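These notes are about the structure you will find just below.
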Amino acid sequence: MTPAIELANVTKVYRRYGGRQFSTLKSALLQRSILRDLRPSETFPALTDVTFSVPKGSTYGVIGKNGSGKSTALKLVAGITKPTSGTVRVVGRISALIELGAGFHPEISGRENVFINGIMLGLSKREIQERFDEIVDFAELREFIDAPVKTYSSGMYMRLGFAVAIHVNPDVLLVDEVLAVGDEGFTHKCLDKFAEFRRRGKTILLVTHSLNLVERFCDEALWLDEGRALSHGDPKRVVGAYLTKVEQGEGQLLAETTAKAVEEAGRDGLGRQEGRDGQEPQEGPEQQQRPADPTSNMYQAVEGRWGSREVEITDVALLDASGQQSFVFHSGDRVSIRLKVRAVQPIDDFVFGIGLFNAEGVCCYGTNTYLEEMNPEQLAGDAEATFSIDSLDLIEGTYKLDVAVHKRDGYPYDYHRLLYTFRVKSRTHDVGIYRPRHQWSFSPHIRFTPRS
Amino acid sequence: MLANLASLVRYRGLIQSLVARELKARYRGSVLGFVWSFINPLLLLLIYSFVFTTVMPNNVAGVQPYALFMFCGILPWNWFATSLSDAAGSLIGGGNLIKKVLFPAEVLPLVSVLTNMVHFFLGLPILILFLIIYRHPPDGWDLVWFPIAVFIQLVFTAGLALALAALAAHFRDIRDILANVLTLWFFATPIIYPWFQPNVQRFRTLFNLNLFTHLAVSYQEILFFNGPIGHWRWLLALGAFSIVQFLAAYWLFDRLRDSFAEVV
């Protein structure tokens, strides 16, 4: 099949003119550098050696995080910008849903704007005349069509822009994240319209963050990352690869957050100790005796670290099933929390405690060795304590972790409050604070088909 | 470049509707609407009449009534000056179009020029009305030159507008510089004083280098002065120059075209 869109080794380098300081004619004249200023002084590669082709009649999705070059790719296909090197070839009439209603003039009526916008998009007056009613009905703006566009709500504005662009009847439709424009009903109408386009054998190039849409809708997908095509082909596979990468990135971010929190808490703790020894001796013991049982002070969601450090928690790690440190888990994964501790002197009164909090600060679960009826005998030198969860039955979200070592009466040795952050991912978007192991069963009269 | 130039013809529908839109949008929401296009030049003419007949009467022979004489030059000057300042901001103002829609950028400065040409045309009836009131009708044969002068001014202005628009997208200062240059240019052109004054004649070469002089003088000869137009050689020379200038400006615009989507 002949490709409708073909990009071969396309590189797009954005130039910044005149560097950091915004170029002005005066400075250009003073430094006699007009010609130099018209040449790029700083460059930024938005796309690097990207090659892909979209067969005629197929729907092609482009995914990637912000700034990965998706919109640049779309603009190149639309012909709005030219590639720095490489070739872009498009067969047939293009309509780009990049910015809806880009050419609308606020002072004049919707009706006049439809005509002018249509002409801008390449329709003739007669063609617009023929489609006018259809456009207005699609935008659901019949009663407002003669009002100036400046009186429209942003939703109305977008709907009208979308309606005009979609009625250009292109061979190639470029869509940039525009499905977020309307309410539920309008979004469905747009999707129906896209489906109709597909049936009529038109080519659609879709740039979106909605991975769901790509999986459901696209024949092929392309994943761009920092201007490079990392993977293309089957949408399910590409989306999967993308998600894995996103998780890695998230994990890294969480690792940094955690490291920062721990470091700050460490500094905080020192400061507090000074305070206790110095000006405010009477407050010291109170602080020392903060409640150590994580379940009893869940309303106190302030992160920090305190304690006498007779036993110090030197390292906290979340480990996945293979024993690797990780920050992102899937619901149902096996997870262990490993504490490395060091006791300055051997002691015989100690309790290990764990608390799990969700993003709202609600304690999802808290326990300690004393509650679980373990009587301490001895802790000396360097040691490790591991808390294992066979199946992390939490719903999707970000969670924080409390870990502590304290005396049976609550006197804290080392208390780490909400310092460790991890994320739980889930395919199911259920709600609540925990997910019990469950299954549905039905009598034979009830039947379902799996949703793809 | 030539292919692009040819495509301008294809965009005439677009240019047409954009000009219409500008005109409509300009007076939308005002009570008098389009009447303002007549009232504005009328008020201008009345003010000049009052100033130069009552406040500081001007009795230079051969240019009476003085207000009418000035008006013949000011109308085309306004078209010229407003076109250029509109055009200088046109790419920046239309940034949304250039960045988000496949849109021929050269249309924007040209629309500025054409919109102001329409305003110029709307001022003409006021001029004609006063020419009749003052019993100062122009020579019939001279009027043949009028469309020629208008066309030459159109090409001349369009060329400058293209170049300014393209450069102003890169150097925003141009818009401010332009405002001052235009003020200077206005007073350096024989519009509010006749070109045959001895002081003007003394610096004849300089005035001849000011290209708008030839347009202003031509309009005055066509519309105001009796007798055959004596400035036609200069006018035609300006016409030839304007075409070259337009092509050069278009070339410059075309060269910078790909950068517009990135700088506006």
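Every value quoted in this text rests on a predicted model; they were computed, and no experiment measured them. In what follows, chains are A, B, ... by sequence order, proteins preceding strands, each numbered from 1.
At most 12 heavy atoms of other shown residues, nucleotides or ligands fall within 6.0 angstrom of atom CZ in A:Arg126. More than 12 heavy atoms of other residues, nucleotides or ligands lie within 6.0 Å of CZ in A:Arg142, so this atom counts as buried by the packing criterion. Environment of CZ in B:Arg175: crowded, with over 12 heavy atoms of neighbouring residues, nucleotides or ligands closer than 6.0 Å.
Note: A:Lys82 NZ to B:Arg257 CZ = 8.0 Å, rounded to the nearest 0.5 Å. Between the CG atom of B:Leu14 and the CE atom of A:Met120 there is a distance of 6.0 Å, given to the nearest 0.5 Å.
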- prompt: What do the steps show when you test A:Ile119 against B:Gln16 for side chain to side chain contact (heavy atoms under 4.5 Å, CB included), and what is the final call?
  reply: CA-CA 10 Å; A:Ile119 290 172; B:Gln16 211 180 338; over 6 Å; no
- prompt: Does the side chain to side chain contact (heavy atoms under 4.5 Å, CB included) test come out yes or no for A:His105 and B:Glu22, once each step is laid out?
  reply: CA-CA 9 Å; A:His105 194 298; B:Glu22 287 305 312; 4.1 Å; yes
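Residues A:Thr81 and B:Lys99 are not in side-chain contact: their nearest non-hydrogen atoms beyond the backbone lie 4.5 Å or more apart.
The nearest pair of heavy atoms linking B:Ser17 to A:Ile116 is O-CD1, 3.6 Å.
The pair B:Arg21-A:Glu112 does not meet the salt-bridge criterion, since no charged nitrogen lies less than 4.0 angstrom from a carboxylate oxygen.
If you measure heavy-atom distances from A:Leu74 to chain B, you find no contacts under 4.5 Å at all.
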